[in-house]
Amino acid sequence: MGSAEVGRRGIRIAIDRGGTFTDCVGNPGTGRMEDDVVIKLLSVDPANYDDAPLEGIRRLLSKFTGKEIPRGEPLDTSEIESIRMGTTVATNALLERKGEDIAMVVTRGFKDCLAIGNQSRPNIFALDIQKPEVLYRKVVEIDERVTLEDYAEDPERYQTKVPSVEEAGIDVDLVRGLSGEAVRILQRPDEEKIRNQLKEVYDSGLRSIAVCFMHGYTYPRHEALVGKIAREMGFEHVSLSHELMPMIKLVPRATSACADAYLTPAIRKYIDGFSKGFEGGLGTKSVKREEGSKGARCEFMQSDGGLVDVDIFSGLKAILSGPAGGVVGYALTSYDPKTKIPVIGFDMGGTSTDVSRYGSGRYDHVFETTTAGVTIQSPQLDINTVAAGGGSRLFWRNGLFVVGPESASAHPGPACYRKGGPLTITDANLLLGRLLPDFFPKIFGKNEDEGLDPEATEQLFKELAEQINKEISGGNKNKEMSLDEIAQGFIKIANETMTRPIRSLTEARGHDTSKHRLATFGGAGGQHAVAIAEALGISQILVHRYSSVLSAYGMALADVVDERQEPESKVWSDKKDVREYLQNKMKDLKAKSTATLKDQGFEEDQIHFEEYLNLRYRGTESALMVVKPTKEEAEKEYDGDQWAFGKAFIRQHEQEFGFTLPDRDIIVDDVRARGIGKTFKGLEKTVDQQLKEIKPKSLGRDEKQYAKRQVYFEGGRQETAIYKLEDLAIGDRVQGPAIIADGTQTIVVTPGASALLINTHIVINIGENDGQDKKTDTKEMDPILLSIFAHRFMAIAEQMGRALQKTSVSTNVKERLDYSCALFDSEGGLVANAPHLPVHLGSMSTCVRKQASIWKGKLKKGDVLVSNHPMFGGTHLPDITVITPAFSGDKIIFYVASRAHHADIGGILPGSMPPHSRELFQEGAAIKSEKLVSEGHFDEKRITELLLDEPGQYPGCSGTRCLSDNLNDLKAQIAANQKGINLINTLMSDYGEEVVKFYMTNIQQNAETSVRNLLKEVYKRFEGQDLSAIDYMDDGSPIKLKVSIDPGKGEAIFDFSGTGPEVYGNINAPEAVTYSAIIYCLRCLISEDIPLNQGCLTPIHVLIPKKSFLSPSDNAAVVGGNVLTSQRVTDVVLKAFRACAASQGDTNNLTFGFGGTSLGEGNKRKDTKGFGYYETIAGGSGAGPTWNGTSGVHTHMTNTRITDSEVFERRYPVLLREFGLRKGSAGCGMHPGGEGVIRDIEFRIPVQVSILSERRVYHPYGMNGGGDAACGLNIWVRKIDRRAIDQNSDSKVTSGGEDATTSGAVEALERKDGGVKQKVDEKVEYRYINLGAKNTASMRPGERIIVYTPGGGGWGKEGQESKVQRKGDPHMAWRKGSVAARQETAEASA
């Protein structure tokens, strides 16, 4: 199959079993590409065969042996050298939730760890929050517990020296874990008790279990014990988390173990059935068999791009099995190790489009990805689903062209498939003449013998055109769009939708997209490749001859892989002892890998290794998997040192993030060896070698043409030559416009491009442009251009965000992505904002407009403004906004701005988020309006005064505690703004300044129209009803709202008259916060994706009484307004619209730490080294008319993730005793609300602990007769010295011997006291003290805070018939690699 292969020459078969088709590529043993046989058959065809891969092999063997083999007869394996397969069995089982019924075995206190996950919600604008279902049917909590003795944030960097278990014996409580960290054993498991617990599981009929214990990655003995007992008891499958992936993070590791236990039995069942179809069986064992028929080698493709023997193929590694083959296929056939031009893979199929990247001769792997709603930890190729492919549905919504994400899927399929399906991208291509029915298989219609149906497509486009033209023409025929223009519009939007994530994939890693080639494969890729490449600035496209079966071809070329990994915690050093320690660890991993590969028949000289260390800077979470430098790299860059991992890390960090941290330690998190059993020795000739040698011959006008067609391109239909691929010879060059097709693919060559045939590929070269000028008319609004500009403006804001993240240094910006970038028109009206975070929406534009009016006529080119004051559009002080005007001559034509959350800006407490502030100065530096840069000069002196000197002058306050981070992040914000200006200038040079400004205005008018239409609909729904509501903060302050809608204009007045006065506390909320809450609620009610910009607020008039706590004075404290009051405003708005019951209405802000800057004797600044930690805790969401509430999730104005339990204990001196759902906290009803959570934290050193929360007095309300949810509760478990009590107490014990505090909640607390036994100390008594909603306390070692968060209210009377509707999530099947991870992190920064 186009390569030199290992072993004897026999028949080699490679198969990719996809969702719709199964592709088979066979070679009789010659290894020559021209001898290959390709077969494509339906994956499911029960009338003709039971198993598609088996049927494909039968047909190939019949062809190669020349004798017909009857169906059902076991296949003779004697002439088969190898079978290689990729399969969707695991993915389908996951998608359809049809895996094995399993039980999860976990440490006590963590039974709900997967139900809560990272507590963020998948769609921030969905009121009916739908988290993916968990995979287990039963949970078993085991009484066992270990923790880490030291903590990473320790300013003294103390490390406990301890022996390993082998050295110390198993009875010692303090031992060294696999990662080198000191592990304290708090509770050993009881074998007898485990047997009884597992017997219950076994008796319930379950035979597969997943085991994951806290810190099992470094101390696996307890997991191993449970595994041993389970196997002795007869469990058929046992997945132990430390064996699958020994990496820190409880939730992804537990999910991985569950996924493995859930999927592996399904995979084994399939493999057993498949193997029965062969005489001698399959796999290494069958090949080694001494007696009877010998089997054939059979390997399955894993998610990491490596093959593995059929006997050890597991469910966890099978999830991306099929797509991984495609990546291997394009990587090995398109990349040249000499020219080193990187390649972007573009795999556009029927239901989804996947993109990936291959450069430096190595695959890009990610270690935590989400597929079908399940986040797993395992090396996987970085494959990202970016749009739903040929089956993507087409919509006209709110005046915009919209493509997907809903898909017509295989059934009913596109309209032209003769099954009554909807309009899709495939239909648009067919209408435009870019899909040729002659070349499509005739498998449609009642008898499955008809071709595509162009009439059905045209009919539906006519209906859609009628709707579009009615809205845009206003009765003027000249404004109407033709069918061709509409179909082309959808194609353009689809291409625009796909280019944004591709850019993100490359640029987020520090690569320039335009310096790549585009390798396109999959059925629909050829129709879009040129347009996608043009948009990305790519000049060359490679289409492999086997592009429609490239996944199967990739299996034929892939290598067998064995991955080994172990956790570590060493600080990297070039010293001999550290290197030798790590080298020995690597040596052990390689030895294990070599043994496994030799067992599969590989010789020593066929085994190669990629060696990796997973490295990060101390105090950050951005670990990079750094590969050992090659000999050539070492000589060129590192003085011949091949173990220069430290230097390689610094270099990679600089490339990916734009900076290094020379004063920080580099930590080794993991040691990884990837053993490769080489079966592929390289192509005979690479693409570049072929291009060098070939002598192209341009075809004459009618030469070799199959036909001519009128095909639509930009500007109208053009006569286009059609070529059959098999009619073209190597060296033929075809000029566009042209279409090259065979039975499996259609390649569109646009005007201005040309296609050249070489031995292995069709190479498309793109000219400068297609000769069409971009439309520059500003008299009439073009809905296609409007939709394109909506994407372009968002893409610019996203690219600004990436620039900010790359050049910033603080954890908040770099890892939590707690920032927002936006562009504004010349008046300061918001045009586009990324990420789409509600909390920044209303406030960013308020800030820019305010600054624009203050500085009107005074700004020059090169000036940059800075502000964070609540009265000037700020939310809370740590969010600093940097604004840059863009000029044309001496006129400002637009603004760009970036807002970032700074870790500290001074005030009374580290972190600048004090729970008990009373005045604004206590919260840090407050900047109203200043120039940060004057005509290009950065004013460091003034900004230092503002951040460091001025805040420190107030009593009890400090200036910023991290000035250098502040300055670096401000410079990063300036650079991000400049990036935005440059990108808009490029857009202006493409389309003209007037056109860009015209669409900046139109995109706002479009959002305005959407909101006006919504308000008209709402009026109809509530005609004559009073839209008003009132709710209270815990201090009794009312928020009162009356909404009046004008149905004629589609306008609304939100009147907050009657809201309480300003508070001498910190729940005051700047006006901008109320605007943000209103926009958020409206967007939730529209429940469709509209551009969130200034236009949303135009039809809304907000009346807020001055000097109320929603419009406080200049000096009022506001830190709680942003995180707490915003939630109550949301509750009130949704209550007025009767949308749903109240959610927890809280963010439960918890901070702890010690150290910081204080004033010592003689008012001298005294710095104490320490640390600070901040988290927000989830609760229950409210139920609604068609949904139940969701438990343990963040709601409304926040979506932050919680730190994983194991990382939490590694970084801080804490013991997390319990993190689970709070049973009984939800409001009851026809649709019950969601449960809150319990978070029980014990501190191991003295710390200051603060809680800032709400809903501790007023219950989250039920709606429509539904019950209220439980309030929250914050408990301090305090140690009291009994002797002091006895001496000072003159109270008498009550008659029942009861303490007055042991009633209700506290009694329950004492009965069910966390997951770890508290040591009994006769001299100490533990008291349960209610901290109230907002408090701070100094806690001693052994003391705890237990936060009980509120639930969500219920909807409807209990006992009424449920009306719950489960909606399908179109993104469910998408592969979520690094692009989606980034998007979700950004949305979780709210």
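FYI, side chains are in, hydrogens and waters are out, and symmetry mates aren't considered; it's all heavy atoms of this structure. All of these numbers come straight from a predicted model, not from anything done at the bench.
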I'd like to know if [X] pairs up with [Y] as an ion pair, taking the criterion as any Lys NZ or Arg NE/NH1/NH2 lying under 4.0 Å from an Asp or Glu carboxylate oxygen.
X    : Y    : answer
E637 : R651 : yes
R674 : D304 : yes
E610 : R672 : no
K590 : D588 : no
K317 : E563 : no
K678 : D559 : yes
K598 : E603 : no
E299 : R84  : yes

Is the shortest side-chain heavy-atom distance between [X] and [Y] below 4.5 Å?
X    : Y    : answer
L589 : Q565 : no
M104 : L114 : yes
L582 : W643 : yes
N614 : L624 : no
T333 : L557 : yes
K628 : L613 : no
I344 : I502 : yes
R618 : V571 : yes

Passes side chain to side chain contact (heavy atoms under 4.5 Å, CB included), I650 versus Y617? Steps please.
CA-CA 9 Å; I650 290 165; Y617 282 121; 3.8 Å; yes
For a side chain to side chain donor-acceptor pair (under 3.5 Å) check, start with the C-alpha distance between S239 and H237, then their side-chain angles and the critical distance, and finish with the verdict.
CA-CA 7 Å; S239 293; H237 185 83; 2.8 Å; yes
Set of residues satisfying side-chain hydrogen bond (donor to acceptor under 3.5 Å, both in side chains) with respect to [X], sequence neighbours excluded:
X    : value
R616 : D669
Q119 : H1194
Q380 : T369
D599 : K288

Is the side chain of [X] donor-acceptor paired with the backbone N or O of [Y] at a distance under 3.5 Å, no angle test?
X    : Y    : value
E223 : L240 : no
T264 : G315 : yes
S334 : A519 : no
T353 : M348 : no
E368 : P252 : no
Y262 : Y136 : no
T506 : R503 : yes
E568 : D670 : no
D665 : I667 : no
T630 : E633 : yes

Can you name the closest pair of heavy atoms from [X] and [Y] and give their distance?
X    : Y    : value
M85  : Y270 : CE-OH, 3.7 Å
V238 : R231 : O-NH2, 3.5 Å
A673 : M586 : CB-SD, 4.1 Å
G522 : D347 : CA-OD1, 3.6 Å
M555 : G322 : CE-O, 4.0 Å
C212 : R253 : SG-NH2, 3.7 Å

My understanding is that only residues two or more places apart in sequence, or in another chain, count here; which of them pass ring-ring contact (aromatic ring centres under 6.0 Å, His included) with [X]?
X     : result
F213  : none
F1208 : Y1173
H222  : Y219
Y546  : H544, Y553

[X]: partners by side-chain contact (heavy atoms from CB on, under 4.5 Å), with sequence neighbours left out:
X    : answer
T87  : R17, V89, F300, F313, S321
D512 : S514, K515
D364 : R357, D382, R509
N118 : S120, R1201

Could you tell me whether the side chains of T596 and R564 share a donor-acceptor contact shorter than 3.5 Å?
yes
Could you walk me through whether I676 and F609 pass the side chain to side chain contact (heavy atoms under 4.5 Å, CB included) test, one step at a time?
CA-CA 6 Å; I676 300 167; F609 281 95; over 6 Å; no
Residue from S179, S569, P246 passing side-chain contact (heavy atoms from CB on, under 4.5 Å) with T218:
S179
Check the pair T255 / T375 against side chain to side chain donor-acceptor pair (under 3.5 Å), numbers first and verdict last.
CA-CA 7 Å; T255 318; T375 301; over 6 Å; no
Please walk me through it: do V310 and F274 pass side chain to side chain contact (heavy atoms under 4.5 Å, CB included)?
CA-CA 11 Å; V310 62; F274 179 66; over 6 Å; no
Got a sec: does the CD of E96 have more than 12 other heavy atoms crowding it under 6.0 Å?
yes
